[in-house]
Amino acid sequence: GDVGNGETVFNANCAACHAGGQNVIMPDKTLEKEALEKYLAGGRNEAAVRTQVTNGKNAMPAFGGRLDDDQIADVAAYVIATSEEGWD
Ligand code: HEM
């Protein structure tokens, strides 16, 4: 995935709930490294992010009908890379 384009996709589609890698609806379920390791189904990896973005989970909407496969791959690459670097 293209991390730079992933940042654009993130800002347009995810930041409303996940600004700064946080989670305004379920505050423990952030996009920080430790939270992804603890909570993300399938572990902290791009495939697991792609699955959750495509299908949604509970209060998180599904993006499978709104973003194409390349956009989902790019945003997953951005989330994993930024979780490694730190969101701030
Ligand atoms: C959880 C990514 C959009 C609400 C998560 C998680 C990821 C993620 C990776 C797992 C985090 C964890 O369990 O610690 C994204 C991406 C988005 C996006 C890449 C854009 C394509 C949104 C939006 C909302 C939202 C727009 C709010 C309307 C949530 C909620 C959870 C969550 C509530 C917790 C779900 C649960 O386990 O019950 N998100 N998200 N997300 N996200 Fe998103």
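Just so it is clear, the structure is predicted and the values come from calculations on it, not from any experiment. Indexing begins at 1, ligand by ligand and atom by atom, following the structure's order.
Residue Leu36 has at least one heavy-atom neighbour below 4.0 Å for each of these atoms of ligand 1: 9 (C), 11 (C). Atoms of ligand 1 found under 4.0 Å from any heavy atom of Ile25 (numbered from 1 in listed order, with element): 27 (C), 33 (C). Atoms of ligand 1 found under 4.0 Å from any heavy atom of Met26 (numbered from 1 in listed order, with element): 34 (C), 36 (C), 38 (O). Contact atoms of ligand 1 toward Asn58: 36 (C), 38 (O) (distance under 4.0 Å to a heavy atom of the residue). Set against the non-hydrogen atoms of Val53, the atoms of ligand 1 under 4.0 Å away are 16 (C), 19 (C), 21 (C). Counting the atoms of ligand 1 from 1 in the order shown, those under 4.0 Å from a heavy atom of Pro61 are 23 (C), 24 (C), 28 (C).
Contact annotation for Cys17 and ligand 1: only side-chain heavy atoms (C-beta onward) come within less than 4.0 Å of the ligand. Proximity of Lys57 to ligand 1, defined as any heavy-atom pair under 4.0 Å, is shared by backbone and side chain alike. Residue Lys38 does not touch ligand 1, judged by heavy-atom distances below 4.0 Å.
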Side chain to side chain contact (heavy atoms under 4.5 Å, CB included) between Asn23 and Tyr39, worked out: CA-CA 13 Å; Asn23 189 326; Tyr39 299 117; over 6 Å; no
Intermediate values then yes/no, side chain to side chain contact (heavy atoms under 4.5 Å, CB included), Leu36 and Val79: CA-CA 10 Å; Leu36 294 179; Val79 166; 4.2 Å; yes
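Considering each of Asn23, Val49, Asp74, the one bringing a non-hydrogen atom nearest atom 32 (C) of ligand 1 is Asn23.
Side-chain contact between Phe63 and Asn13 is present, with heavy atoms from C-beta onward closer than 4.5 Å.
In terms of polar-atom proximity, defined here as any N/O pair under 3.5 Å, Lys29 does make such a contact with ligand 1. Ligand 1 has no nitrogen or oxygen under 3.5 angstrom from a nitrogen or oxygen of Asp28.
Using a 4.0 angstrom heavy-atom cutoff, Ala16 does not count as in contact with ligand 1.
Checked against Lys29 for a side-chain contact (heavy atoms from CB on, under 4.5 Å), the options His18, Lys57, Gln22, Met60 give a single hit: Lys57.
Scanning all heavy atoms of the two residues, the minimum distance from Cys14 to Val75 falls at SG-CG2, 4.0 Å.
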